[in-house]
Amino acid sequence: MRVASIRVENFMRYGVMNVALPEAGLVILTGANGAGKSGVLEAVSTAVWGKTVRGTPPWPRLVADDGGRGVVHVKLGLPSGEYAVDRMRKGSHTTLRHGPHGAEWPAYETTTKAQEALARVVPTWDVWRRTCVLTSADSAHFTGATDAERKRLLESMLGLERYDRAHAAVKADLHAARAALQTAETKARVAETQVAERTAALAELEAAAPPVGAPDPSELVTRAEGLTAALAAERKSYDLRHRLRGGAINNELVAHRRLTDAQERLAALESQGACPTCGGRHHVDVARARLQGVVRDLTKLHEAAALHVTELEPLDRARLDKLAADESDAVIDAHMARAAFEAGKGHAERVQKARAGVDSAERGLGLAWDERDGAAHRVAELTAVEGVLSPAGVRGPMLESALEAVQMGANRWLGVLSPAGVRVRLEPYTERAGGGTKDAIALLVDGAGDGHGYRACSAGERRRLDVALLLALAEVARATSGDEPGTLWLDEVFDALDDDGADAVCAAVRELCRDRCVVVITHSPRLADALRTVPGRLVWVMNEGALHDES
C-alpha cells in the first residue's frame with residue numbers, strides 16, 4: 001500500500017502537519033528521541049485502521065478530554081487509483097470517511113460500516129504491519145527468539161495462523177461429524193433390526209394363512225335361510241295337520257256316542273215291538289236304518305283317524321325331523337363358511353398391513369443408510385481437510401519453502417550489509433541434546449560467532465543478521481499476501497549499527513528504494529548523514545512536533 005500524502009491536525013504531538021511522499025525514493029526522517037518522528041507512521045496506521053503500531057492512544061488531551069477536534073487524512077496509491085481516507089476524532093466520537101480521491105465521500109451509517117467498506121480496498125493491518133513496517137522492536141524478534149518461538153513467528157508473518165484457526169474449526173466440525181456418523185450408524189442399526197423383525201412377523205403371518213380361496217358364504221347363508229323358512233312353514237303345516245288328526249278322533253268319539261244312542265233306541269223299539277207313541281213298526285225300521293248309517297259313518301271316521309295315527313302322523317314327523325336336521329346342518333355350514341371367509345379376509349388385511357409395515361421400515365432403512373453414507377462421506381472429507389490443515393499437512397511444505405526463501409533473501413541482504421561473508425542457515429527442525437529432533441526452526445550462522453551461533457556474534461554482526469532476516473521475512477510475507485510493493489517504513493531499524501555498517505545501510509536502502517518509497521526514521525545523526533549520499537533523497541527533521549524539510 002503506497003502512501004501518497006499525510007495531513008494531520010491535533011494528532012499526537014502535532015498541531016498541523018502536511019507531508020507528501022514520492023512513489024519511489026528515500027525519505028529520511030530524523031530528529032532527537034521523543035521528537036515525534038514515529039507519529040508520521042502512526043498517522044497512517046490510525047487513519048486507515050483506527051489503531052497505532054505501538055498500541056497507545058494517538059489523540060492528545062485537547063481532543064480526547066477537552067472536546068477539541070483531531071483529524072488524520074491520508075491519500076493512498078492503490079492499484080485502482082488514488083484513494084483518500086479521513087478520520088476525525090472529537091471527544092469520544094470518531095468519524096471515518098473514505099473514497100476515491102476527488103470524488104464525493106460515500107455515506108455510511110456507522111464508523112464500523114465505513115471501516116468494513118474500507119477493508120475491502122486496503123490490506124489488513126496485520127499484512128501491512130508484516131510487509132511494510134519494520135521497527136527497532138521487531139529487529140531481534142526472529143533472531144533472538146527460541147527455536148519454537150521462531151517457528152511461530154515465521155508462521156505468523158506468513159499468515160499461517162489462519163491455518164490454525166481453520167484447523168481448529170475443521171477439528172470441531174470433524175468432532176461433530178463423527179458424532180453425527182455415530183448417531184446415523186445407530187439409527188441404521190435400529191432400522192435394520194426393525195426391518196428384520198417386521199419381515200419375520202410377515203413370514204410368520206403368511207405361514208399361518210388359512211386355506212386359499214375360501215368360498216363366498218352368501219350361497220350357503222341363502223340356503224340356510226331358505227331351509228329355516230321351509231322348516232317354519234312345515235312346522236306350521238304339521239301343527240295344522242295335528243289339529244286335524246285331533247278333530248278326526250273327536251268326530252270318531254262323537255260317532256261312537258251316536259252309535260250307542262242308535263243301538264239303545266233300536267233295542268228299545270225292538271223290545272216293545274212297536275213305537276210306544278204311535279204303535280207303528282216303521283219307527284223300528286227307521287231306527288235300524290239310522291243305526292246302520294251311524295255304523296257306516298263311524299267306520300269312515302275310524303278309518304280316517306286310523307290313517308292319521310298309523311300313516312300320516314309318522315310321515316309328517318319324519319319329514320319335519322329331516323327338514324329340521326337339514327336346516328341345522330345348513331346353518332352350521334353357513335356359519336363355518338362365514339367364519340372362514342371372515343378369517344381369510346381379516347388375515348389378508350393383516351398381511352397387507354404387515355407388508356406395508358415392512359415397506360415403511362425398508363424406506364426408513366434406506367434413508368438411514370443415505371444419512372449414514374452422507375455422514376461417513378462428511379467425516380472422510382473433513383478428515384482429509386484436517387490432515388491438509390494440520391502441522392504435518394500443507395503447512396509443512398509451505399513453511400519449508402518459505403524458510404528456504406527467507407534464508408536466500410537473508411543471505412542476499414547479508415551480502416549487501418555484511419561483505420565479510422557472514423551467512424545464515426535455517427533448518428526446519430532442532431536437534432535435541434539427547435538425540436532426535438523437534439519441530440522448530442534452528443538458526444545457524446556461518447562466518448561469525450566462531451561456530452557458536454547468533455548469540456556468540458558481536459553486536460554489529462547480530463544487528464546485520466537482524467536486519468537481513470527482517471527484510472527477508474518482509475519480502476516473503478509480501479509475496480505470500482500478494483501485496484504490491486508499497487511504502488516501506490524503517491523505524492530506527494539501523495540505528496544500532498556500528499560505523500562500518502553505515503555504507504552497507506546506504507547500499508541496502510539504495511536497492512530498496514528503486515521501486516518503492518522507503519521512509520527511514522532515525523535519531524542517529526551518523527546514519528542520517530550517511531543516508532544523505534543516496535541520490536534524490538528527501539530529508540525531514542522533526543523538532544518538538546514541527547517538521548522541517550531540509551532536503
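Reckoned from all heavy atoms, side chains included, excluding hydrogens, waters and symmetry mates. Numbers here are sequence positions counted from 1.
Ala47 approaches Val72 most closely through the heavy-atom pair CB-CG1, 3.5 Å. Nearest heavy-atom pair, Arg87 versus Val48, reported as atom, atom and distance to 0.1 Å: NH2-O, 3.6 Å. Listed here is the closest heavy atom pair of Ala43 and Val74: O-CG1, 4.3 Å.
Between Lys113 and Glu116, none of the side-chain N atoms (NZ, or NE/NH1/NH2) sits under 4.0 Å from a carboxylate O, so this pair counts as no salt bridge. Arg423 and Asp446 are not joined by a salt bridge, as no carboxylate oxygen comes within less than 4.0 angstrom of a charged side-chain nitrogen. Of the charged side-chain nitrogens involved, at least one lies within less than 4.0 Å of a carboxylate oxygen, so that Glu492 and Lys37 count as a salt-bridged pair. At a threshold of 4.0 Å, the pair Glu42-Arg54 counts as salt-bridged, since one of the basic side-chain nitrogens sits closer than that to a carboxylate oxygen. Looking at Arg129 and Asp126, no side-chain N of the basic residue comes within less than 4.0 Å of a carboxylate O on the acidic one, giving no salt bridge. Between Arg412 and Glu511 a salt bridge is recorded (basic side-chain N to carboxylate O distance below 4.0 Å).
The number of heavy atoms from other shown groups lying within 6.0 Å of CD (Glu404) does not exceed 12. Residue-environment remark: CD (Gln182) stays at or below the threshold of 12 foreign heavy atoms within 6.0 Å. By the 6.0 Å contact criterion, CD on Glu23 is open, its count of non-hydrogen atoms from other residues, nucleotides or ligands being 12 or less. With a 6.0 Å radius and a threshold of 12 heavy atoms from other residues, nucleotides or ligands, Asp450 has its CG atom at or below the threshold.
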Inset, instruction - For the pair Asn543 and His548, evaluate side-chain hydrogen bond (donor to acceptor under 3.5 Å, both in side chains) and give the outcome as yes or no after the intermediate values. - result: CA-CA 8 Å; Asn543 185 15; His548 306 281; 5.2 Å; no
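Under the 4.5 Å side-chain criterion, counting only non-hydrogen atoms from C-beta, Asp495 is not in contact with Ser136. No side-chain heavy atom of Leu470 sits less than 4.5 Å from a side-chain heavy atom of Trp413.
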